[in-house]
There are 2 protein chains.
Amino acid sequence: MKETAQLLREKGLKVTPQRIAVYNMLLGTTAHPNAEMIYKTLESTNPTMSLATVYKTLDFFKQLGLVQELNVGESSSRYDAVVRCHPHTVCRICGRVDDLHIDALTEVARKLVPDLDFDVECEQLILYGICKECQEK
Amino acid sequence: MKETAQLLREKGLKVTPQRIAVYNMLLGTTAHPNAEMIYKTLESTNPTMSLATVYKTLDFFKQLGLVQELNVGESSSRYDAVVRCHPHTVCRICGRVDDLHIDALTEVARKLVPDLDFDVECEQLILYGICKECQEK
DNA sequence: CTCAGTGCAAACCCTTTGCACAGGA
DNA sequence: TCCTGTGCAAAGGGTTTGCACTGAG
C-alpha cells in the first residue's frame, strides 16, 4: 500500500518492505494479533521476515504512536493499529479480542476522574466474559 | 494471623506457613506487588521460602478466588487480595498501582453493555497516567 | 557510500515443571 | 502414616539483544 510508505516517509523513517508489511497487516485486521500471529501471517508473503524484526518493528511503531500494545492477561502482547483509547471485549473461552465502539464509557470515566489527584492520559477498559459464538455452544 | 488459617481450613486446604505468609502479606498491602516483591518481602521472616512456592501459592489462591491477578502492561503480573472487580490507576512514571474506589465506573460499564452480544463477567478499568507525587516533580 | 534495518542465534526475564524431601492432617 | 506442599534446579515461552550482513537513502 502506498499510503503506509508515505506515512513512514513523512515521519522521516526508512521505508522497508518489513515495516510496510507489518503495518498493513495490522491495518487489515481487527483480530488484535500478537507478534507470533503477525509473523505467521506474513511468512508466506515475506519469506525472509524474522520474528525478531516483527518485535523490533512493533516496538518502533509503538514509540511513534502508530500502534498500540494491548495486554489482556495472556502471556503475549497483542497489537492494534487503532491507537485511540477504546474498550475491548475478551472472551475467556475462545480468547478472541474485539473492539467496543462505545465512547460513552470513556467519557464517563473521564468525568468521574478529575476529583482524583491523578492525571489520566489513557483509560483502558477490558470486559472479560463470553462472546456470542461461545454462548451458543 | 488466625483468620487466614481458618479461611484456608474452611476451604479444605492444607494450612502451611508459606500460604499464610503470602495471603497475609497481600492483605496487608495496597501496593499490588508481583511475585518477586512478595518473595523479597517474605524472605526475612520466612528464610526457607522459595520463589517457586510463591508462584504456586498465588496460582492456587487465584483458582480459589482468594486473590486476583492484575496485568497492567508490565512484564510480570501483580496480585491483589481484593478480588471484587475495581478500577486501578497506573502511574507511567513511577509505576505505582492504586485502587480506585469508584463504583460508578463499574456501574456505568455494566449498564452500557447489555446491548452487546457479550456476556460480561468482569470489567477491568485501568487508568494510565501520572500520579500526584510524580506530577509535583 | 553510509548508516539504519534485518536476520540469526544466543541471552534474558518471568513463570512453570519435575522430582526428592519435608511436614500438615 | 499418607499424601500434599515445598524447595531446588532445570526447562519453558515470549521477548530482547549482539553482531555481521543487507539494502534504503
Side-chain angles (χ1 to χ4, degrees), chain A residues 2 4-23 25 32-64 66-67 69-79 95 97, chain B residues 2 4-25 32-64 66-67 69-79 95:
Chain A
K2 205 181 173 190
T4 300
Q6 245 159 6
L7 181 64
L8 294 174
R9 213 169 280 128
E10 276 163 23
K11 299 229 173 197
L13 310 171
K14 281 201 178 173
V15 178
T16 67
Q18 292 87 340
R19 290 181 172 177
I20 295 177
V22 169
Y23 192 63
M25 194 265 165
H32 306 82
N34 61 25
E36 185 79 34
M37 293 164 175
I38 295 170
Y39 174 64
K40 291 286 179 207
T41 304
L42 297 181
E43 229 176 4
S44 50
T45 49
N46 302 56
T48 75
M49 168 90 65
S50 82
L51 184 54
T53 298
V54 174
Y55 277 109
K56 285 172 186 166
T57 304
L58 287 171
D59 192 53
F60 198 72
F61 286 164
K62 201 173 57 179
Q63 318 279 29
L64 291 163
L66 282 177
V67 147
E69 190 174 358
L70 197 61
N71 210 307
V72 298
E74 298 169 329
S75 47
S76 59
S77 297
R78 287 167 173 266
Y79 294 86
V97 177
Chain B
K2 207 180 171 188
T4 301
Q6 246 160 6
L7 181 65
L8 293 174
R9 214 169 278 127
E10 276 163 23
K11 299 230 175 198
L13 310 170
K14 282 202 181 173
V15 177
T16 67
Q18 292 87 341
R19 287 180 176 178
I20 294 176
V22 169
Y23 193 62
N24 282 346
M25 192 267 165
H32 306 81
N34 60 26
E36 186 79 33
M37 293 162 174
I38 296 170
Y39 173 63
K40 292 285 179 208
T41 304
L42 297 181
E43 228 176 5
S44 49
T45 50
N46 303 55
T48 74
M49 168 90 68
S50 81
L51 184 56
T53 298
V54 174
Y55 276 109
K56 284 172 186 166
T57 304
L58 287 170
D59 192 53
F60 199 71
F61 286 164
K62 200 173 58 178
Q63 317 280 25
L64 291 162
L66 283 177
V67 147
E69 190 175 355
L70 197 62
N71 209 308
V72 299
E74 298 169 328
S75 47
S76 58
S77 296
R78 287 167 173 265
Y79 294 86

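Atom set for the values below is all heavy atoms of this structure, side chains included, hydrogens, waters and symmetry mates excluded. So that the names make sense, note that chain A is the first sequence line, chain B the second, and so on, each numbered from 1.
Note that B:R19 lies in the cation-pi zone of B:F60, set by a 6.0 Å cut-off to the ring centre and a 45° limit from the axis.
Out of C:dT6, D:dT15, C:dG23, the shortest distance to the side chain of B:K14 is found at C:dG23. Distance from the side chain of A:F60 is smallest for C:dG5 among the nucleotides C:dT15, D:dT6, C:dG5. For B:S50, whose side chain is taken as the heavy atoms from C-beta onward, the closest listed nucleotide among D:dT16, D:dG7, D:dT6 is D:dG7. The side chain of A:A35 sits closest to D:dT15 out of D:dT15, D:dG7, C:dT6. Distance from the side chain of B:K56 is smallest to D:dT6 among D:dG25, C:dG7, D:dT6.
The interatomic distance linking A:R78 (CZ) with D:dG14 (P) rounds to 12 Å, in whole Å. The distance from atom NZ of B:K11 to atom P of D:dT4 is 20 Å, rounded to the nearest whole Å. Atom-to-atom, OH of A:Y55 to P of D:dT17 comes out at 13 Å; the value is rounded to the nearest Å. Between the OH atom of A:Y39 and the P atom of D:dT16 there is a distance of 17 Å, given to the nearest Å. Atom CZ in A:R19 sits about 12 Å away from atom P in C:dG7, given to the nearest Å. When the C1' atom of D:dG14 is taken as reference, atom CG of B:N71 falls 13 Å away, rounded to whole Å. In this structure, B:L13 atom CG and D:dC3 atom C1' are separated by 15 Å, rounded to whole Å. In this structure, A:K40 atom NZ and D:dG14 atom P are separated by 11 Å, rounded to whole Å.
Applying the 4.0 Å criterion to OP1 and OP2 of D:dG7, one finds that B:T48 has a side-chain N or O inside that range. One finds no side-chain N or O of B:Q18 lying less than 4.0 angstrom from the OP1 or OP2 phosphate oxygen of C:dG24. Close to D:dT6, at under 4.0 Å from its OP1 or OP2, lies a side-chain N or O of B:T16.
Side-chain contact annotation: A:T53 with A:Q18, donor-acceptor N/O pair under 3.5 Å absent.
The two residues A:V97 and A:H32 have their closest heavy-atom pair at O-ND1, 3.0 Å.
Across all strands shown, B:T53 has heavy atoms under 4.0 Å from base atoms, whether or not it also approaches the sugar-phosphate.
For the pair B:F61 and B:V22, the minimum side-chain heavy-atom distance is below 4.5 Å.
In terms of position on DNA chain C, the residue among B:V15 and B:S77 whose nearest nucleotide sits closer to the 5' end is B:S77. Comparing A:A52 and B:Y79, the nucleotide of DNA chain C nearest to each residue sits closer to the 5' end for A:A52.
Exactly one residue among B:T57, B:L8, B:L58, B:L66 makes a side chain to side chain contact (heavy atoms under 4.5 Å, CB included) with B:Y23. That residue is B:L66.
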